[in-house]
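I have placed the structure first, in the form of structure tokens, so that the comments after it can refer back to it.
Just so you know, residue 1 is the first one in the sequence shown, and it goes up from there.
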Amino acid sequence: MSQAQIITRTTSRMPISQQVTHCLSIEKLKGITALDEIRFDEKPLTAILGPNGCGKSTILHALACCYKPVEGSDQQNWQFRDFFTPTTDATWAGSSLEMVHSYRDGAILFSDTRTKYRKNADRWSPRYISRPERYLKFIGIKSCVPRIEEETYTSAINYQTEAHADTQLIMAKMGTVFNRAYSELNLHRAHAGRQYPGLALHGTRYSALAMGAGEQRVLEILSTVFNAPKHSLILIDEIDLLLHTAALYQLIEILFQRATDKSLQIVFTTHREAVLELKDKVSIKHIHTVTADPPKTYCLSNTKPDALKRLTGKQDRPLEIFVEDEMALAIVEHELSNLGMKRIANITQYGAATNCFVLAAGLILSGGHNLACQLFLLDGDLYVTDEHQLERANAVLSGTEESAAARRQSCIAGIRKLCAATGIASAPEPQIHRMIRDLPQQQDPGVNEIIALARGIHAVDDSHSFVELIIRTLNVQRSVGMNNIVRVAALSSAWEPYVSELRVWLVERRPAVIEDFAPVIRVVA
């Protein structure tokens with residue numbers, strides 16, 4: 001071996017490897033005002049969801065500019081001016097971001113390294129040559145444009161056909177995505193350096209000029225991902241464009257497997273809520289900007305009803321509460337409103353107390369019973385004790401099979417009750433009447449009117465009349481009268497223990513269904 005070869009071998013260093021992008025924070029970049037953190041290291045695939053204009057693509061563009069290309073690779077050297085071109089309206093001065101990442105340089109592992117990027121005046125810092133190194137590919141929306149729409153040559157195109165270099169690697173994967181038995185994956189070479197990928201199906205060859213836009217894009221995505229070296233970062237904008245849902249599922253399944261095998265990180269944006277069904281493979285990140293003063297952008301890792309509404313325009317109501325009558329319904333509505341949860345719950349009346357157990361049993365037997373999101377509320381005048389509830393459960397879920405006892409326990413586990421202040425079983429109306437009657441005078445004339453009416457009722461022939469007489473005298477719509485009466489009763493010190501079982505159930509579930517951007521929400525009437 002020559003002296004020059006020895007020197008070259010001893011002075012050359014190992015390439016940087018095992019790169020991982022952990023998270024990114026952004027300040028003042030396009031529509032993103034202040035994003036504290038979005039994480040990318042929880043799963044091999046990360047999906048960024050949100051409505052138009054929330055900053056999904058901005059995050060991908062920022063990530064693309066955070067790394068410099070691996071020396072000798074075919075990757076593009078993305079720079080901030082490629083995505084954030086200065087204009088009269090936006091020079092991007094004052095914009096900044098920080099990336100937390102890890103990598104191995106030879107024998108040394110650098111964990112949780114922070115690299116900061118900022119545009120102070122005319123230039124971004126640090127210099128592009130000083131950025132960390134990683135193999136990165138960005139697939140933008142431009143890849144959705146059919147090749148025929150970009151073609152400028154209008155005369156006959158003659159090309160030579162050869163097998164595509166990736167035939168063995170991805171042809172079968174293409175077939176899986178589209179449920180088509182492709183027989184060939186080709187590369188067509190024409191004059192002037194033109195190249196067109198091509199496929200063959202049922203004996204018919206066709207080039208990219210006749211290829212479906214979805215086929216064209218999936219071919220590019222798969223070629224990129226399957227040719228990327230280990231520890232690469234792949235960014236895909238709007239992965240769902242041009243794909244029907246079944247094809248999207250198959251594509252994500254293939255990407256997950258390849259990313260797992262090759263330690264890749266794949267980050268993509270999407271509007272398609274169907275991706276939420278793949279959360280075992282994909283880390284879901286919802287982007288949402290709150291227009292406070294100052295505005296702030298949040299990254300939410302849990303899919304809650306408000307996040308779904310921003311995507312679909314439809315309000316999801318995951319909680320189901322079953323009540324006996326209108327009085328109980330008004331009580332539940334008050335508690336839901338007090339916790340800011342009214343929009344995410346459906347309330348259904350079931351009538352007589354005994355129907356509570358029949359309804360729960362029917363849901364159990366049909367497979368529709370869910371203790372996590374269903375509540376069966378009793379008025380508190382019947383079936384107050386656990387023994388009485390189990391007795392009714394035994395009556396509606398009879399049988400001696402092995403699962404019978406578990407079903408009965410499940411039935412009563414979903415039941416809560418309103419708790420009479422006197423400790424004696426009582427319907428809601430006398431309880432509400434007593435709370436209002438014992439209140440001192442208030443500053444609100446409307447409240448004092450209801451207090452005065454309650455104090456004027458001493459004896460009734462039916463417990464419901466304690467409330468019915470107030471509503472009739474007020475001369476308001478029944479639902480309005482119920483809500484006003486409950487609102488006044490909730491001022492009583494006896495209210496909180498009365499609704500304690502209901503409130504505890506709601507408070508336990510609130511973090512899973514409500515997005516909290518502002519701090520304090522009043523939970524005590």
Side-chain angles (χ1 to χ4, degrees), residues 317-342 344-361 363-364 369-393 396 408-436 463 467 482-483 485-514 521-525:
R317 307 185 202 280
L319 300 186
E320 289 185 289
I321 303 175
F322 301 95
V323 299
E324 289 190 34
D325 53 25
E326 292 174 288
M327 188 76 255
L329 186 148
I331 291 170
V332 171
E333 282 189 338
H334 176 83
E335 285 298 297
L336 286 168
S337 295
N338 204 39
L339 289 164
M341 298 173 66
K342 195 168 184 298
I344 52 86
N346 282 318
I347 309 172
T348 303
Q349 298 178 53
Y350 56 77
T354 187
N355 290 341
C356 172
F357 300 89
V358 175
L359 175 60
L363 290 170
I364 289 170
H369 190 250
N370 189 339
L371 291 174
C373 60
Q374 290 174 342
L375 171 67
F376 301 82
L377 186 68
L378 291 168
D379 278 356
D381 54 345
L382 295 172
Y383 312 116
V384 176
T385 66
D386 293 342
E387 291 76 17
H388 286 152
Q389 291 178 13
L390 183 57
E391 183 180 325
R392 284 307 307 157
V396 295
R408 289 190 279 270
Q409 289 299 324
S410 179
C411 177
I412 63 175
I415 294 174
R416 300 292 186 276
K417 65 182 182 300
L418 299 172
C419 305
T422 59
I424 301 173
S426 173
E429 288 80 6
Q431 297 288 324
I432 297 292
H433 173 261
R434 186 179 298 107
M435 292 180 203
I436 297 173
S463 63
V467 168
M482 287 280 190
N483 289 331
I485 288 170
V486 166
R487 180 171 58 86
V488 175
L491 299 173
S492 168
S493 59
W495 178 262
E496 188 171 349
Y498 182 60
V499 298
S500 59
E501 290 190 15
L502 166 64
R503 184 176 293 178
V504 166
W505 190 88
L506 292 174
V507 169
E508 286 176 349
R509 282 149 183 81
R510 192 179 189 283
V513 294
I514 296 295
I521 290 181
R522 185 169 59 93
V523 296
V524 178

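Taking the side chain as every heavy atom from C-beta outward, Met435 and Leu491 never approach each other to under 4.5 Å. Residues Leu375 and Arg509 form no side-chain contact, since every pair of their non-hydrogen atoms from C-beta on lies 4.5 Å or further apart. Proximity of Cys373 to Leu319: side-chain heavy atoms (C-beta onward) are separated by under 4.5 Å at one or more points. Between Ile415 and Phe357 there is a side-chain heavy-atom pair separated by less than 4.5 Å. Put simply, the side chain of Trp495 reaches to within 4.5 Å of the side chain of Val486, judged on heavy atoms. With contacts defined as side-chain heavy-atom distances shorter than 4.5 Å, the pair Asp379/Asp325 qualifies. For the pair Gln431 and Leu418, the minimum side-chain heavy-atom distance is 4.5 Å or more.
The distance from atom CZ of Arg408 to atom CZ of Arg392, rounded to the nearest 0.5 Å, is 13.0 Å. Atom OG of Ser426 sits about 12.0 Å away from atom NE2 of His433, to the nearest 0.5 Å. One finds the OH atom of Tyr383 at 9.5 Å from the SG atom of Cys356 (value rounded to the nearest 0.5 Å). For the atom pair Leu336 CG and Ile321 CD1, the distance stands at 4.5 Å (nearest 0.5 Å). Expressed to the nearest 0.5 Å, how far CG of Leu363 lies from CG of Leu359 amounts to 5.0 Å. Atoms CG and CG, on Leu378 and Leu502 in that order, are 12.0 Å from each other to the nearest 0.5 Å.
What you find for Ala427 and Asp381 is that their closest heavy atoms are N-CB, 3.5 Å. For Glu429 against Ser463, the heavy-atom pair with the smallest separation is CB-O, 3.1 Å. Ile331 and Pro428 make their closest contact through CD1-CB, 4.3 Å (heavy atoms, listed as atom of the first residue, atom of the second, distance). Across all non-hydrogen atoms, the minimal contact from Val467 to Ile485 is CG1-CD1, 3.7 Å. Residues Asn483 and Glu333 come closest through the heavy atom pair OD1-OE1, 3.5 Å. Taking each heavy atom of Ala413 and Leu371 in turn, the nearest pair found is C-CD2, 3.9 Å.
With respect to Glu335, the salt bridge (charged side-chain N to carboxylate O under 4.0 Å, His left out) criterion is satisfied by exactly one of Arg510, Arg503, Arg416: Arg503.
Between Phe376 and His369, the ring-plane angle classifies as parallel under the 30° and 60° cut-offs.
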Side-chain atoms of residues 344-352: list all donor-acceptor pairs with protein atoms under 3.5 Å, sequence neighbours left out, distances to 0.1 Å.
| residue | atom | partner | partner atom | Å |
| --- | --- | --- | --- | --- |
| Gln349 | OE1 | Glu326 | N | 3.4 |
| Tyr350 | OH | Leu377 | O | 2.6 |

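Contacts of Glu391 classified as side-chain contact (heavy atoms from CB on, under 4.5 Å), with partners at least two apart in sequence or in another chain: His388.
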